[in-house]
There are 2 protein chains.
Amino acid sequence: MANTQKRENTHCCHCSTNCCFVQDFCSSTWVGIINQSRNSSLYQKGQYIFREGDRVFGLHFIQQGKAKITSTGLNGREQIVRLAKSGHILGHMGNGSETYPVGAVAIEDTWICFLDNTTLNDAFLNNPKFTYNLMLFYATELRKTEIRLRHLAQMTIKEKVAECLLTLKKTFGERTEDGSLNVTLCRQELADIAGTNAEQVTRELTDFENQLLIAKSGKRIIVLDSDGLLNIIAHHNINKYLSV
Amino acid sequence: MANTQKRENTHCCHCSTNCCFVQDFCSSTWVGIINQSRNSSLYQKGQYIFREGDRVFGLHFIQQGKAKITSTGLNGREQIVRLAKSGHILGHMGNGSETYPVGAVAIEDTWICFLDNTTLNDAFLNNPKFTYNLMLFYATELRKTEIRLRHLAQMTIKEKVAECLLTLKKTFGERTEDGSLNVTLCRQELADIAGTNAEQVTRELTDFENQLLIAKSGKRIIVLDSDGLLNIIAHHNINKYLSV
DNA sequence: AAACAAGCCTGCAATTTATCAGTTATTGGT
DNA sequence: ACCAATAACTGATAAATTGCAGGCTTGTTT
């Protein structure tokens, strides 16, 4: 990979992350084996972790950081199909297709642990809980994506932008210092999540600001009134458990 | 369940289906155990298999038939988020949320095998290949849904309807007798897949018919020119492997 | 501090899509 | 074969969204 850095080789046992499928669900023997064969790298903000069309050699685990998973369409227009943070997985297991149908980009400096297919397959067959929990992860992501699919199909732009902000708050949280979202994305990236264009995002953000639902400080966004934003999209979710 | 029928009790070993996760990936001991605890029922066309908000007690395996998975939004407007056929799974594994965020409806008479959570969890921990293949199933569905997410966000109505037809052809195939799609859905259901309304679907289907891309015979649709339909959406998919 | 670039904001015109209303065609039951 | 009910079709109108152009703000470099 181009300008990725290798990590100083901390053993998995002493890894500081508090959210890792290997650490939590593999036997100590297998943590050792995986520690041997894993490959840790730093991807800087904006750097591709993998691109659409790249061959799939294994799975990427986010040790520390944040990434966007994007799908590119007509005229290079992007759709962010998923956001991922520490502990999450990038890339889908093989099943025939050997190339990535989506790309992944670090949205801040991000440490990735990579595991190759061979090691993984052995690990899956020898660590049922590891496999089971990865299955739950995919099932949960599928459920979330299915709901988002409906939202993109049915919501107005105002609603989609409101939901985008709530999703960011829920996924990445807020900074203690100023209460702003713990992630910075440009208007175009917000549009790529909400499924619209940068101009519309600007319009809606300005509108939300005038209604005192949010405040802007440079690139950072502060959600002032979550309930107000939730109100905008509330009638789309019959069941409360569907929200965000 | 209301008016579902119980199946004559064929043992899993003698089940005629050629596509079943249990048959293919569980040990013979476990096929026996699962055979004991499973529950088979017939759901007639249009009948709910489960509804949004129902409690999750286990997984539904489609033994024979077809189903749509829908998510209901504002004013009861539905979005079909997934189509499923024999061998597929309905319902996502638990992970905290105990109720279905989506509903499932039979789109033709459908036999379902139901397995409860307790039996399933034991099966998962004792049949690594079973768990592994279920994980692959979810990962594959996630990948497909992510691509569809972008399509719904970026395509025009014409493109979405074209893709809908191609998806139906790919998923359910064509009847040998007349070459028509091996599934019948009303205009509203096509609209619920494509993310638009019934009127627009009618308009596009008429247009496709005039261009000799499809033919209509009553409710049935015959795809005459797959490549023609593919052409309409081709430029949305940079990589050929993404198509449908 | 000035100059520059990049990103953000705003209004308007053009296009697309949704909605509504009315008509025609199909289907299923008697 | 008929009738009633349902679904499909079509056109007109209204609403929402997009795309473009130009100005403004912010942050960075020299």
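Sequence lines set the chain letters: A, B, ... in the order given, protein chains first and strands last, and positions in each chain run from 1.
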Nearest whole angstrom, please: distance from the [atom2] of [N] to the [atom1] of [X].
X: Asp207(A); N: dT10(C); atom1: CG; atom2: C1'; result: 13 Å
X: Ile221(A); N: dG7(C); atom1: CD1; atom2: C1'; result: 14 Å
X: Leu190(A); N: dC9(C); atom1: CG; atom2: P; result: 10 Å
X: Glu204(A); N: dG11(C); atom1: CD; atom2: P; result: 14 Å

Checklist entry - Has the side chain of Thr110(A) got a donor or acceptor atom that lies under 3.5 Å from a matching backbone atom of Lys66(A)? => result yes
Checklist entry - So Phe21(B) and Phe137(B), would you call those rings parallel, tilted or perpendicular, with 30° and 60° as cut-offs? => result perpendicular
Checklist entry - Across the strands shown, which category fits Glu199(B) at heavy-atom distances under 4.0 angstrom: base, sugar-phosphate, nothing? => result base
Checklist entry - Looking across every strand, which nucleic acid part, if any, lies under 4.0 Å from Asn197(B) by heavy atom: base, sugar-phosphate, or nothing? => result base
May I ask you to verify if any side-chain N or O of [X] is less than 4.0 angstrom from the OP1 or OP2 atom of [N]?
X: Thr196(A); N: dT17(D); answer: no
X: Lys216(A); N: dC9(C); answer: yes
X: Thr202(B); N: dT10(D); answer: no

Next on the checklist: Given the structure, check if the side chain of Arg77(A) and the base of dG19(D) hold any donor-acceptor pair shorter than 3.5 Å.
Outcome noted: no
Next on the checklist: At less than 3.5 Å, do the side-chain atoms of Arg187(B) and the base atoms of dT10(D) form a donor-acceptor pair?
Outcome noted: no
Checklist entry - Side-chain contact, heavy-atom cut-off 4.5 Å: Phe208(B) with Lys158(B)? => result yes
Next on the checklist: I'd like to know if Lys144(B) and Glu141(B) make a salt bridge, using a cut-off of under 4.0 Å between side-chain N and carboxylate O.
Outcome noted: yes
Checklist entry - When you measure from the side chain of Thr206(A), which nucleotide among dT19(C), dC8(C), dT10(C) comes out closest? => result dT10(C)
Item to check | Minimum-distance nucleotide to Ile157(B) side chain [options: dA18(C), dC8(C), dT10(C)] | outcome: dA18(C)
Item to check | Nearest heavy-atom neighbours spanning Thr72(B) and Arg150(A) | outcome: O-CZ, 3.3 Å
Checklist outcome for this item: Comparing Ala153(A) with Arg203(A), nearest DNA chain C nucleotide closer to 5' gives the residue Arg203(A)
